[in-house]
Amino acid sequence: MSTAPNRRAVAVILLIPLMVTLALWAFAWPAARIAPRDLPVGVAGPASAAQQLEQRFEQRDGAFDVHRFDDEAAARAAIEDRTVYGAVVATPQGPHLLTASAASPVVSQLLREAVTASVPEDTRVRVTDVVAAPPGDPRGSALGASVLPLALAGMAAGAVVTLMGLRGARAAVTLVGAAALVGLAATAVAHSWLGALTGDWWTVAGVLALTVLAIGSAVAGLAALFGPRGIGLGALLMVLLGNPFSGVTSAPELLPEPVGAIGQWLPPGAGGSLLRSVAFFDGSAAGAAVLTLALWTLFGLAAVLFARRAPTPAEPVEPAREPALTG
């Protein structure tokens, strides 16, 4: 009796729990450890009052990265530029909290609770949402839920191109075309129908398409370099790590270190940050995310165009030609 089937059965029995454990670690651990870590916030107002506010933030060691501003106008500008998530302005009537729920509803609520807890009970904290989340998605749920479908769309595009045996320019054109259509369809749903995204319609569609193209190109490029195993590596990077490490449902600065930073180096996290910038902040602080997506796209397309790999099962193997007889 052959032992090969028994070995495969044992491998499956051991592999499934390992994959579940890895998935629980990747998804549950960051969510269970959400807390501010060098979260950029601002304080403004007269020097003495602003210093007191800054000291209150600094009492939580390592939680906040405090920026000083001269007045409320400067603090508002910093929030709109995505330099800080919020700011506290010292006024004669008491602290005035400026937030941006469009940047992160979770951070807005966290700042509200932190500032309220740091003042006397009889002190009223006035709150102004400088850049509010859209009425169609006040809690940011739709935006947070969009990352996984985009990652799956990119994964599907890269895997199908590989398994269908498409190569070279034909594979690159297929990836670009699929990403463009996904961007248009997703924008029609999230922007036009749900109202979860605002900003210029075509710009939002371009960001969604670029995110899908970066993911799909990376998966197809890894498959071009490593064969079908590259698809599994792409799934690990883009879905199992890229989705929970993206910080779109909260903020990268709320995730355990270095998860937040790693997430911004992967296309799902960079795409989520870029989508917030163009949808709610007129493109502010978009440079790093654009660069990340562009690099992943260029890497993937270059590998698809130029890498030499073994054919997949769907591709015919060209028979070796016998040398011509001479003489």
Side-chain angles (χ1 to χ4, degrees), residues 34 36 39-42 65 67 69 72-88 97-112 127-151 182-212 214 243 246-255 260 263-264 267-293:
I34 286 181
L39 184 72
V41 298
D65 178 18
H67 298 244
F69 302 104
E72 181 177 333
R76 285 176 175 267
I79 292 173
E80 293 169 351
D81 292 338
R82 300 200 72 185
T83 303
V84 295
Y85 281 91
V88 184
L97 175 61
L98 306 176
T99 64
S101 58
S104 172
V106 177
V107 171
S108 296
Q109 182 62 30
L110 184 151
L111 291 177
R112 188 189 299 253
V127 181
T128 300
D129 199 347
V130 177
V131 186
D137 188 25
R139 295 180 179 83
S141 302
L143 179 61
S146 66
V147 174
L148 181 57
L150 293 177
V182 171
L184 294 175
T187 307
V189 173
H191 193 293
S192 302
W193 178 37
L194 297 177
L197 300 174
T198 57
D200 181 71
W201 198 96
W202 289 103
T203 304
V204 171
V207 169
L208 293 172
L210 179 59
T211 303
V212 174
N243 183 53
S246 67
V248 176
T249 57
S250 54
E253 294 84 358
L254 298 184
L255 299 180
Q264 297 307 298
S273 296
L274 181 58
L275 187 58
R276 283 194 190 276
S277 292
V278 302
F280 310 127
F281 295 89
D282 296 326
S284 298
V290 171
L291 179 60
T292 299
L293 294 175

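Residues take their numbers from the sequence shown, with the count starting at 1.
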Check your understanding: Could you state the interatomic distance from CD (Gln109) to OG (Ser101), rounded to the nearest 0.5 Å?
Key -> 11.0 Å

Practice item. Give a yes or no answer on whether the side chain of Thr99 reaches the backbone of Gly86 with a donor-acceptor pair at less than 3.5 Å. Key: no

Exercise for review: Check Val248 against Gly272 and note the closest heavy-atom contact, atom names and distance.
Suggested key: CG2-CA, 3.8 Å

**Study point:** Side-chain (Ser104) to main-chain (Ser250) donor-acceptor, under 3.5 angstrom
**Key:** yes

Review point. Taking C-beta and beyond as the side chain, do Leu274 and Val290 meet within less than 4.5 Å on heavy atoms?
Key: yes

Exercise for review: Assess whether side chain to side chain contact (heavy atoms under 4.5 Å, CB included) is satisfied between Phe281 and Asp81, documenting all intermediate values.
Suggested key: CA-CA 7 Å; Phe281 295 89; Asp81 292 338; over 6 Å; no

Review point. Do Thr128 and Arg76 touch side chain to side chain, with heavy atoms closer than 4.5 Å?
Key: yes

Point to revise | Partner set under side chain to side chain donor-acceptor pair (under 3.5 Å) for Ser284, not counting sequence neighbours | key: none

Practice item. State, yes or no, whether a side-chain contact exists between Val207 and Trp202 at a heavy-atom distance under 4.5 Å. Key: no

Exercise for review: Determine whether Leu110 and Leu254 make a side-chain contact, defined as any pair of heavy atoms from C-beta on separated by less than 4.5 Å.
Suggested key: yes

Review point. Counting distance only, does the side-chain N/O of Thr83 pair as donor-acceptor with the main-chain N or O of Ile79 below 3.5 Å?
Key: no

**Study point:** Pairwise distance CD1(Ile34) to CG(Leu255) - rounded to 0.5 angstrom
**Key:** 6.0 Å

**Study point:** Spacing of OG1 belonging to Thr211 relative to CG belonging to Leu150, to within rounding of 0.5 Å
**Key:** 6.0 Å

Check your understanding: Between Arg276 and Ala102, is there a donor-acceptor pair closer than 3.5 Å when you use the side chain of the first and the backbone of the second?
Key -> yes

**Study point:** Ala145 to Pro149 - nearest heavy-atom pair and separation
**Key:** O-CD, 2.9 Å

Review point. Do the side chain of Arg82 and the main chain of Ala286 share a donor and acceptor less than 3.5 angstrom apart?
Key: no

Check your understanding: Any donor-acceptor pair under 3.5 Å linking the side chain of Asp137 with the backbone of Leu143?
Key -> yes

Review point. Which heavy atom in Ser246 sits nearest to a heavy atom in Val147, and how many Å separate them?
Key: OG-CG1, 4.2 Å

Revision key, fill the gap. Shortest non-hydrogen pair, Ala75 vs Leu98, comes out as CB-CD1, 4.1 Å

Practice item. State, to 0.1 Å, how close Phe280 and Val131 come at their nearest heavy-atom pair, and which atoms those are. Key: O-CG1, 3.6 Å

Practice item. State, to 0.1 Å, how close Leu184 and Ala205 come at their nearest heavy-atom pair, and which atoms those are. Key: CD2-CB, 4.3 Å

Exercise for review: Kindly write out the residues that satisfy side chain to side chain contact (heavy atoms under 4.5 Å, CB included) with Gln264, not counting sequence neighbours, or none if the list is empty.
Suggested key: Pro252, Ser273

Check your understanding: In this structure, are over 12 heavy atoms from other groups packed under 6.0 Å from Asp200 atom CG?
Key -> yes

Exercise for review: Would you check if Leu197 and Leu275 make a side-chain contact, meaning some heavy-atom pair closer than 4.5 Å?
Suggested key: yes

Practice item. Enumerate the residue pairs fulfilling side-chain hydrogen bond (donor to acceptor under 3.5 Å, both in side chains) with a member in residues 183-198, sequence neighbours excluded, ordered by first and then second residue. Key: Ser192-Trp201

